[in-house]
Amino acid sequence: MPKGPLFVAAALCLLATVFSPPARAQELNCTVAVDYTALQGNEFQFLSELREEIRRYLNDRSWTEDVYQDRERIDCGFNITFRQAEGLSRFQAQLVVTSTRPIYGTPQRTNVFAIQDDDWTFDYNRGQGLIFNPARFDSFVSVLDFYAYLILGYDYDTFSELGGEPYFERARQIAELARGVGALGWEQAGDERTRSALIQQLLDPRYQPLRIALFEYHFGVLDHFATEHEAAWDRAVGVLERLFTLYEELGVRRYATDLFWSAKHQELAALLADAPRRSDAYDLLVEMDPPHQTTYDALITR
């Protein structure tokens, strides 16, 4: 039976549907908050558009080569508080960046990464737009890129051992660009709580036990706690023991390890509250993370 033009057109449409590549959802699902109330004067009203500009920039582009389902996007937050204006286009601000991850088999989420960056000085002009250019340093956009790649690196590290390496490496490249132009806020002699110091630690082979602990804790402990909590408790104490070995080798507290404790101290105290080895966990935690001892005290006062 001869095939008419309508049949051929329908067949071509079907083939295009079958063989076309799947749509790629973007990786980040960021909420953005911008507070510029500390700046006096109507001339700063143009900053009211910045929240939506940043949200689109972070959420509407693909940061990796991987294919994400919409439900797999990484929930994260960028909160910017303007502190001071140096003219109409140069600002000092605080940036708080957070990210979370789902816990397998539960409706709950866990904090993966949280950082408060108090040393951000940048230029931003009315209507300038945000353009991704990894080969060029920009005092505003490059900081957004840096933290986007940190979010990705941390997230990938929780799903596979050292899986975040390529994204931490991209963050390091941004830090190198900043160093090349002497940008403010990236490194400072005697201060290890800077962007450059953090990414150097995360890529330093000596800190691999910390990154492996991210995977073991999230995948081996949290993702299996609902179905095998006894084994998960043992794995949790094992993670703490390996982190203690790293703590002894480093000799002092470090920025990267402090970020882990800041994100996890409350969760660890709750998760280990009924663990058979909670007293062992307590001894390790208060030695490595004394600022949060009050939280950990609940492990031995039950």
Side-chain angles (χ1 to χ4, degrees), residues 27-28 63-64 74 76 78 93-99 111-122 132-218 239 242-264 288-289 291:
E27 298 86 353
L28 303 182
W63 296 88
T64 78
I74 303 168
C76 52
F78 281 66
Q94 176 197 79
L95 173 63
V96 177
V97 182
T98 60
S99 73
N111 294 328
V112 174
F113 173 69
I115 190 168
Q116 179 174 304
D117 188 331
D118 292 323
D119 193 14
W120 190 15
T121 300
F122 58 87
F132 178 73
N133 184 353
R136 177 181 175 274
F137 179 79
D138 179 89
S139 60
F140 187 75
V141 175
S142 293
V143 170
L144 300 180
D145 294 347
F146 177 80
Y147 283 114
Y149 283 125
L150 276 191
I151 288 170
L152 288 163
Y154 270 93
D155 194 74
Y156 274 74
D157 265 7
T158 69
F159 286 102
S160 64
E161 189 172 297
L162 304 178
E165 191 79 4
Y167 309 107
F168 287 142
E169 176 58 31
R170 291 177 193 176
R172 185 198 63 78
Q173 292 169 4
I174 296 170
E176 287 297 315
L177 288 175
R179 177 183 296 172
V181 299
L184 298 174
W186 287 83
E187 58 184 356
Q188 183 174 335
D191 184 3
E192 74 152 21
R193 293 181 177 273
T194 63
R195 298 172 209 129
S196 292
L198 174 58
I199 197 60
Q200 287 170 8
Q201 290 175 14
L202 290 170
L203 288 170
D204 187 331
R206 294 178 301 167
Y207 288 79
Q208 283 191 358
L210 171 63
R211 292 180 53 199
I212 293 171
L214 282 171
F215 170 65
E216 293 177 340
Y217 176 73
H218 288 89
V239 168
R242 286 186 286 279
L243 285 174
F244 188 74
T245 299
L246 173 64
Y247 172 79
E248 290 185 309
E249 290 175 356
L250 295 176
V252 294
R253 294 173 54 194
R254 295 294 189 186
Y255 193 15
T257 53
D258 278 357
L259 289 177
F260 177 84
W261 302 123
S262 294
K264 296 300 181 184
M288 291 185 285
D289 186 27

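What you see is a predicted model; the values in this text were computed from it and never measured.
Between Gln201 and Leu210, every side-chain heavy-atom pair lies at or beyond the 4.5 Å cut-off. Using a 4.5 Å heavy-atom threshold, the side chains of Arg253 and Pro291 count as touching. Side-chain contact check for Phe78 versus Ile151: some heavy-atom pair is nearer than 4.5 Å. Using a 4.5 Å heavy-atom cutoff, the side chains of Tyr247 and Asp289 are not in contact. In this structure, the side chains of Leu152 and Arg170 stay at 4.5 Å or more apart for every pair of heavy atoms. A 4.5 Å side-chain heavy-atom check between Ile174 and Ile199 finds every atom pair outside the cut-off. Tyr156 has its side chain out of reach of Phe168: every pair of non-hydrogen atoms, C-beta onward, lies at least 4.5 Å apart. For the pair Val112 and Thr158, the minimum side-chain heavy-atom distance is below 4.5 Å.
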Item to check | From CA spacing to verdict: side-chain contact (heavy atoms from CB on, under 4.5 Å), Glu249, Arg206 | outcome: CA-CA 9 Å; Glu249 290 175 356; Arg206 294 178 301 167; over 6 Å; no

Next on the checklist: Please evaluate residues Tyr255 and Ile115 with respect to the criterion side-chain contact (heavy atoms from CB on, under 4.5 Å), reporting the C-alpha separation (whole Å), side-chain torsions for both, the decisive distance (0.1 Å), and the verdict.
Outcome noted: CA-CA 10 Å; Tyr255 193 15; Ile115 190 168; 3.0 Å; yes

Next on the checklist: Could you go through Met288 and Phe244, starting from their C-alpha distance and side-chain angles, then the distance that decides it, and tell me whether this counts as side-chain contact (heavy atoms from CB on, under 4.5 Å)?
Outcome noted: CA-CA 7 Å; Met288 291 185 285; Phe244 188 74; 3.8 Å; yes

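In terms of heavy atoms, Thr257 sits closest to Arg254 at OG1-O, 2.9 Å. When every heavy atom of Asn111 is checked against every heavy atom of Ala263, the shortest pair comes out as CB-O, 3.8 Å. Residues Leu243 and Pro209 share a closest heavy-atom pair of CD2-O, 4.3 Å. For the residue pair Tyr167 and Gly153, the shortest heavy atom distance occurs at CB-N, 3.8 Å. Of all heavy-atom pairs spanning Phe146 and Ala171, the tightest one is CD1-O, 3.4 Å. Heavy-atom minimum distance, Ala114 versus Leu259: O-CD2, 3.5 Å.
Within the model, atoms CD of Gln173 and CG of Leu177 stand 8.0 Å from one another, a figure rounded to the nearest 0.5 Å. One finds the CD1 atom of Ile74 at 7.0 Å from the OG atom of Ser99 (value rounded to the nearest 0.5 Å). Put simply, CZ on Arg172 and CG on Leu203 are 7.0 Å apart, with the number rounded to the nearest 0.5 Å. Put simply, CG on Asp138 and CG on Asn133 are 9.0 Å apart, with the number rounded to the nearest 0.5 Å.
The side chain to side chain donor-acceptor pair (under 3.5 Å) search around Arg195 returns Asp117, not counting sequence neighbours. Residues meeting the side chain to side chain donor-acceptor pair (under 3.5 Å) test with Tyr217, sequence neighbours left out: Glu267.
A salt bridge (charged side-chain N to carboxylate O under 4.0 Å, His left out) check over residues 154-166, counting only residues at least two apart or in different chains, returns the pairs Asp157-Arg211, Glu165-Arg211.
In this structure, the side chain of Trp120 does not engage the main chain of Phe140 through any donor-acceptor pair within 3.5 Å. A side-chain donor-acceptor contact under 3.5 Å links Thr194 to the backbone of Trp186.
In this pair, Tyr149 and Trp63 present their aromatic rings perpendicular. The plane angle is above 60°, beyond the 30 to 60° band.
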